[in-house]
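Predicted model, so just to flag it, every value in this text is computed and none were measured. Order of appearance sets the numbers: ligands from 1, and atoms from 1 within every ligand.
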Amino acid sequence: MDIIWHSKTKQYHLYNDEISYIMAVSPLGDLSGIYFGKRIHDKEDMSYTLNRFSLPNESVDPDTESYSMELNLQEYPTFGVTDFGTQAFEVEQKNGSRLSAFVYKDHKIFKGKKGLTGLPATYAGEDEAMTLEVYLEDELTKMSLTLSYTIFDKYPVIARHAVFTNNGATDTKLTRALSACIDLPDQDYEWMQFSGAWARERIPEVKKISVGSVSIESRRGASSANQNPFVIIKRPGTDEFKGEALAMSFVYSGNFLAQAECSNYGRLRLLMGINPNTFTWLLKKGESFETPEVVIARTDSGLNDLSRTYHELYNNNLVRGKWRNTPRPILINNWEATYMNFDEERILNIATKAKEAGVELFVLDDGWFGDRDDDFSGLGDWVENPKKLPQGMAGLARKVNAIGMKFGFWIEPEMVNPDSNLYRRHPEWLLATPGRKGSLGRHQCVLDFSRQEVVDYIYDMLKKVMENAPISYIKWDMNRALTEVFSTGLPAEEQGMVYHKYVMGVYSLYERLINDFPDILFESCSSGGNRFDAGMLYYAPQAWCSDNTDAIDRICIQYGTSYGYPISSIGSHVSAVPNLQTGRSASIATRANVAYFGTFGYELDLNHISDEEFEEVKEQVKFMKEHRELIQFGTFYRLRSPFEKDQAAWIVVSKDKKKAIFGFYCLKSNVNQIPGFIKLAGLKEDSVYTLRGEEYYGDELMNMGFKLGRLSTTDLVIGQDFVSYVEVIEAK
Ligand code: GLA
């Protein structure tokens, strides 16, 4: 890994063993892209790659008369000059002009990586990464711009963000400040996005790109279940095991834009950042604005390899603290077992039975506080309801501890019900537009987290409950979108800042609680997977993946989630049947076989299952305890997609390739078929592995494949809906 600056030609080359990222100070003085791809040799001068000619009808720079931005690759394109593509940023000045001309002034290259201020970001030690900061200035407005590029040593990854500083004489306004742009010289790619809605999150969708643009965005205040802030572009032939692909992952939890734009001259532009549709930022004299980070990764070896990069990078260099690379506790959550209808006795009953099965952590979900027996009231009143918790949270937590389990609970700090004491006391603490009707979502309003005093108040309340009880875990929920966004705490010209300030408020509350309680495991949640993004993982290393706990649907949701996020982050539980969301019934074995590939836990009352099932549960807990480190932190490969066949399969392999866990799932039986093979991955070709006592070579399992139909007599020959197998494969 190194970052080379060729001072004569003013070119940069960032490289590691896998990638090269080359750019130059352009004839106009701004930054132009030269190359991003597989590692190539360094050369002092690559300026021959620039297109220095004019095409008919082109606008060119008057000094050079031969350089048009539109015909070249831009690093952080500006608006209103010769580019004509979508700009990465825009600064609205006092006189109404929106033109900027940032030119190169200086740069700094250093080992390691700086943190961002109040924002989540990947981190790296001095031997893990190198950073280039390029300093540019608009000489007319005296606005300065820093473009930051970090290259990681071990990963084919560039992390980028930008910082604007107003050194001018007047206030100014950012109307767009994306985090990164990459221009590529050809357009032969497909675009892959992860879309859905509540209970059907992160379903992959692939489309061909061609002249014009394709984009996804969130305007909901959270990153959203509808579009995930993670996109891939891949060559048409790229599959899980081969081919070129590139991805952008946004380390941010609010409104975003991700876009691919193909120009008429063959250029492909990728952009990612805060959604400009819901953003303007007043930059007063002397102030700075820092964009969130985008993590860009690439591969020549297919999508599994691309995912592995994100899994490892996020496990090692994004998740922090005690839970970084630490196997996660097996938990039981009472939500689907009781909803809000519980008392201490019921909870202790569930916990006692779970303890008998070996479960390690009890999570008390919604309904423990204020006057909350349904979702019409109580949010915002973070004091225990004495009817349900007669000795408070501390009393219950100690009783659960006495059973031999850790204890944690649910919060939804960003919200308030109109029927609550907090709302009655502080109706001005909502996000609400004066004179307009406010929408409700799940009968609740959104607190104005752009206001410091609101965040302080919630912090004090939560801290009180958390410090008085022995707490090991917090589930932090967020159950509605932001609408009618307006803050009474800000003047007119700062209203465009509210969405981002809200997210910053959420991050600041997380940061304070993490500082106060560094050992607590946080799990983020937003009606399931409405805020499943890399930003959240910086604070909460795991996220409740979906409110849909149906095992069959979960195969699809978890499969889609695995493209951009590590298995250690995927909150997954076994729930009761018929499933509460879909009405489907899968065996308890299949429900666990899906939930193993995540953080694993239970979301039902184990007192209500049969004795035989309970014996199975005990075995499941034992299995997960034995294998969770491998499953959550091993190398994960998607083998068969549930979106293409009625079957799905995946495998996770230990770093030394001596052990693997293979999961196979039949979503729908197909009559009168012969069982085929499924090719495994990640094993050592020459090693001999055992699978249910039979021996196989690694190359046999990976090239010929594992013969389906070997696992049981009533297995996949006839098939059965929802049958599944999870098998341990061990090298001899
Ligand atoms: C959301 C969460 C659920 C549960 C409920 C409680 O829907 O996703 O897991 O915590 O809220 O109200």
Distance flag, aromatic centroids of Y539 and Y507, threshold under 6.0 Å: yes
Which ligand 1 atoms does N479 reach within 4.0 Å, using its non-hydrogen atoms? 1 (C), 7 (O), 11 (O)
Interfacing atoms of ligand 1 (cut-off 4.0 Å, heavy-atom, S527): 7 (O), 8 (O)
Heavy-atom proximity to atom 11 (O) of ligand 1 ranks first, among D366, V363, L379, D477, for D477
Does Y473 have K406 sitting over its ring (NZ/CZ under 6.0 Å from centre, angle to axis within 45°)? no
Going by distance alone, is a donor N or O of one side chain under 3.5 Å from an acceptor N or O of the other, for E201 and T561? no
Among all protein heavy atoms, pick the one closest to atom 10 (O) of ligand 1 and tell me residue, atom and distance. D365 OD1, 2.6 Å
What part of R442, side chain, backbone, both or neither, has a heavy atom within less than 4.0 angstrom of ligand 1? side chain
of all protein heavy atoms, closest to atom 7 (O) of ligand 1 is D547 OD2, 2.9 Å
Numbering as shown, the atoms of ligand 1 that approach W544 to under 4.0 Å (heavy-atom distance): 8 (O), 9 (O)
Do D448 and S487 meet the criterion of a side-chain donor-acceptor pair at a distance under 3.5 Å? yes
Determine, for Y563 and R638, whether the Lys NZ or Arg CZ falls below 6.0 Å from the six-membered ring centre while staying within 45 degrees of the axis. yes
Distance-only N or O hit between ligand 1 and G528, under 3.5 Å: yes
